[in-house]
Structure formats: structure tokens, C-alpha cells
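Below: one structure, written as C-alpha cells.
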Amino acid sequence: MRLTKNLLALIVLAIGAVWALQGVGVIGGSFMTGQPQWLYIGLVAMLLGLAGLVWANR
């Protein structure tokens with residue numbers, strides 16, 4: 001069960017990172033590219049992923 005929680009948290013963290021990078025414009029090819037709101041959504045998702053990692057490993 002711990003492995004599952006860690007993997008889910010890492011997936012959320014990775015998706016958040018992709019969204020944030022698309023929001024900044026580093027990753028192109030999407031409707032999210034260059035849209036600042038995706039930077040903020042990505043940062044929130046990354047924080048949730050980090051919180052999930054902490055929760056899964058305590």
C-alpha cells in the first residue's frame with residue numbers, strides 16, 4: 001500500500017511539473033503553453049504531490 005501511495009504522489013508531482021513548465025512556455029505544443037494560470041495550477045499540483053509523499057512516508 002505504501003508503494004501505491006508513493007507512486008500516486010509522484011505521478012501528481014510529475015503532472016504538476018509538466019503543467020507548470022507548460023504555463024511558463026518551456027514545454028510547447030499544447031493549449032496550456034504560455035498560459036500563466038497553468039503555472040499556478042501546476043505549482044498547486046506539485047505541492048499536493050509533495051504533501052502526498054510526506055503523508056505516505058510518515
Side-chain angles (χ1 to χ4, degrees):
M1 190 64 170
R2 186 177 195 179
L3 177 64
T4 303
K5 290 177 186 177
N6 278 320
L7 287 175
L8 184 60
L10 286 173
I11 289 169
V12 171
L13 183 66
I15 288 172
V18 169
W19 286 349
L21 290 172
Q22 285 181 327
V24 174
V26 173
I27 300 175
S30 171
F31 69 93
M32 295 184 273
T33 302
Q35 301 294 319
Q37 68 267 22
W38 287 104
L39 169 63
Y40 304 122
I41 293 169
L43 290 175
V44 170
M46 289 172 64
L47 287 174
L48 288 172
L50 285 173
L53 280 173
V54 169
W55 174 69
N57 291 300
R58 57 178 191 102

Spacing of CG belonging to Leu7 relative to NZ belonging to Lys5, to within rounding of 0.5 Å: 12.5 Å
Tell me, do Leu53 and Leu10 make a side-chain contact under 4.5 Å, heavy atoms counted? yes
Can you hop from Leu13 to Leu21 via hydrophobic side chains spaced under 4.5 Å? yes
When clusters are formed by joining ILVMFWY residues with side-chain heavy atoms under 4.5 Å apart, either directly or through shared neighbours, do Met32 and Ile15 land in the same one? yes
Heavy-atom closest pair, residues Ala20 and Met46: CB-SD, 4.4 Å
For residues 42-58, which residue pairs qualify under side chain to side chain donor-acceptor pair (under 3.5 Å), counting only residues two or more places apart or in two chains? Arg2-Asn57, Asn6-Asn57
For Gly16 and Ala45 the tightest heavy-atom approach is CA-CB, 3.7 Å
Under a 4.5 Å side-chain heavy-atom rule over Ile, Leu, Val, Met, Phe, Trp and Tyr, are Ile27 and Ile41 clustered together? no
Joint cluster assignment, Trp19 & Phe31, ILVMFWY side-chain distance < 4.5 Å: yes
Going by side chain to side chain donor-acceptor pair (under 3.5 Å), name the pairs with one or both residues in residues 35-51, residues two or more places apart or in two chains. none
